[in-house]
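Order of the sequence lines fixes the chain letters, A, B, ..., with proteins taken first and strands second; residue numbering starts at 1 for each chain.
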Amino acid sequence: MRRLERTLLLKNYRQLCTLSKASFSPMLDTQGSDQARLYFDGNPPSRNILSCNRMLAAHVRNDQTPIAQDLFDQMLVKDVVSWNTMLTGLQKAKNPHGVNRCFLQMRRDGFRPSEYTISTVLNAFLGTAFNVLVSQIHALVVRLALSSSVFVGSALIKGYANTGDQIALSRVFDEIPMKDVSSSNALVSSYMELGCTHEAQRVFDVMLERNIVSWTSLVSGYINNKRINKARSVFDKMRERNVVSWTVMISGYVKNQKFMDALDLFLLMLKSGALPNHFTFSSVLDACAGCSSLIMGQQVHSSILKLGTPEDVIMSTSLVDMYAKCGDIEAAFCVFGFMPRKNLVTWNSIIGGSARHGLATRALDKFERMIKCGVRPDEVTFVNVLSACGHGGMVEKGEKLFNSMKAKFGIEPNVEHYACMVDLYARAGNLEEAEKLIQWMPFQPDVVIWVALLGACGLHSSLQLGEFAAKEIEKLRNDHPAIYSTLSKIHGERGVWDSVLEFRKIMKEKHIQKQIAGSWVESQYRIR
DNA sequence: TTAGGGTTAG
């Protein structure tokens with residue numbers, strides 16, 4: 001060990017020895033983390049409640065909830081701050097069951113919940129099955145005389161919005177004696193969440209104080225209520241914008257499939273001097289994928305690297321997806337390979353990308369690796385692997401995977417999976433098996449299923465079954481372009497030119513156009 | 001020493 005390092009370590013230990021004054025937090029936030037824990041573990045007398053709480057808070061801040069939980073369990077003396085800190089850790093770890101258990105234990109042990117407790121617990125329950133407890137927690141709030149807290153009020157407003165109770169949330173807001181900008185913002189976004197855009201706008205209009213979050217809540221609310229133009233007009237009125245407000249508007253365009261508008265706005269954002277973050281990049285990459293602009297996608301990738309944007313699993317997954325959708329599957333594999341963390345969506349992106357590129361073996365290889373890595377597949381994974389088998393003509397493998405869905409992974413096949421199987425059999429020329437599957441499937445076949453069958457009939461020139469499928473499609477959706485173009489193709493192959501002319505005439509009369517197939521290379525030049 | 005309001009992927 002070098003002299004300088006020894007000196008630094010010694011300094012760290014000296015700081016730790018003055019426990020009454022020193023906080024563990026800075027040590028845990030830096031390289032001193034392990035030493036701090038070693039010292040802490042080896043010195044039981046030093047474990048007063050304040051130092052324990054500080055240690056606990058530091059672990060929670062560093063997303064080390066299991067370590068925080070160990071420490072919490074070992075603490076012989078706890079106060080309300082210890083409980084609140086532990087609850088915060090469990091909330092950050094997205095563990096509503098744990099929060100519920102911890103909260104119940106806290107009450108059993110006779111601790112009185114504070115404003116911190118209530119707001120943390122309510123936030124942990126948002127969007128989970130535990131939100132049925134919102135009104136019970138509200139009753140507790142009234143009993144504990146915590147209704148006047150703006151923190152509790154904001155959390156209750158969000159909680160009631162989550163359960164769809166508009167009357168309750170407005171009553172909670174009315175009962176806050178000293179309303180602040182955050183509780184008003186919570187009301188705006190809660191009304192927006194319930195689709196009450198007029199009420200949200202009214203609250204916003206009468207707010208005495210508005211900050212950047214108020215404006216962004218309004219923009220975001222209009223986007224979520226499919227009012228993209230209104231959102232843009234509010235966005236344009238903003239006097240100041242930050243990375244969040246820019247990202248909200250950009251992702252709003254992406255959600256509405258307005259990819260070029262999203263990219264234009266991104267360029268405006270860069271011109272304004274605002275720095276994009278991983279949220280922004282994720283949306284922008286989605287926009288590049290949406291309009292198949294590989295050049296733009298590559299430039300965005302360069303910006304991510306140039307700005308030194310910290311690695312984020314969602315942003316990197318968007319990169320993988322962008323490269324796959326823009327036709328550069330090798331770049332997608334490369335980004336995927338370098339990702340330090342991968343989740344289910346990441347694996348699904350690379351498997352789906354491989355399948356779309358006709359790389360059935362690679363898709364299945366990734367699927368095997370995903371299972372080996374301990375990631376459980378979901379419905380999307382199976383749509384991807386089954387379609388890979390379909391494009392690769394791997395009928396037996398597809399059947400095996402389809403049968404394993406329920407038996408091995410507990411996933412009930414849905415209509416999309418059946419459509420993949422129909423496509424798999426039909427493409428392989430086994431039209432009889434495809435028809436049999438349609439007859440026996442536990443759903444009413446939809447347009448996708450019949451179009452899959454019709455497409456295969458076109459591929460294998462099967463007129464009788466093709467006409468049958470076309471009739472079924474017509475029953476569900478009149479004038480589907482696939483009907484006329486496929487039947488015309490089958491008749492043409494059989495030399496029945498009168499029928500071909502008839503179909504073309506109908507298509508012309510009904511203004512039905514055959515869907516134009518385009519390559520990725522071609523699409524690069526369509527952009528700008 | 002603990003808490004609230006606006007943003008991302010298949």
Asks: Under 4.0 angstrom, heavy atoms only, what part of the nucleic acid is T117(A) near: base, sugar-phosphate, or nothing?
Replies: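 Result for T117(A) = nothing.
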
Asks: Base, sugar-phosphate alone, or nothing: which one does V248(A) contact when heavy atoms must sit under 4.0 Å apart?
Replies: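 Counting heavy atoms under 4.0 Å across all strands, the contact made by V248(A) is with sugar-phosphate only.
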
Asks: A57(A) side chain: which of dG4(B), dG6(B), dT2(B) is closest?
Replies: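 Comparing dG4(B), dG6(B), dT2(B) against the side chain of A57(A), the answer is dT2(B).
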
Asks: Can you figure out which of dA3(B), dG6(B), dT8(B) approaches the side chain of S245(A) most closely?
Replies: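 So the nucleotide nearest the side chain must be dG6(B).
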
Asks: With centres under 5.5 Å and planes under 30°, do F279(A) and dT7(B) count as stacked?
Replies: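 Base of dT7(B): stacked against F279(A).
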
Asks: Of all the nucleotides listed (dG5(B), dG4(B), dA3(B)), which has the minimum atom distance to the side chain of Y116(A)?
Replies: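 Shortest atom-to-atom distance from the side chain points to dA3(B).
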
Asks: Output the single nucleotide from dA9(B), dG6(B), dG4(B) whose closest atom is nearest the side chain of D286(A).
Replies: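 Looking only at side-chain atoms, D286(A) lies closest to dA9(B).
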
Asks: Give the nucleotide from the list dT8(B), dT7(B), dA3(B) with an atom nearest to the side chain of T247(A).
Replies: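 The listed nucleotide nearest to T247(A)'s side chain is dT7(B).
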
Asks: Can you find an N or O donor on one side and an acceptor on the other, under 3.5 Å apart, linking the side chain of N343(A) with the base of dA9(B)?
Replies: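 Yes.
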
Asks: For F151(A) and dG4(B), are the ring centres under 5.5 Å apart with planes inclined under 30°?
Replies: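 Stack criterion not met.
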
Asks: Choosing from dT1(B), dG6(B), dT8(B), which nucleotide comes nearest the side chain of V81(A)?
Replies: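 So the nucleotide nearest the side chain must be dT1(B).
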
Asks: Can you figure out which of dT1(B), dA3(B), dA9(B) approaches the side chain of S318(A) most closely?
Replies: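 My answer, after comparing the listed nucleotides, is dA9(B).
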
Asks: Identify whether any heavy atom of K92(A) sits under 4.0 Å from a base atom; if not, whether one sits that close to sugar-phosphate; answer base, sugar-phosphate or nothing.
Replies: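 Since no nucleic acid heavy atom lies under 4.0 Å of K92(A), the category is nothing.
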
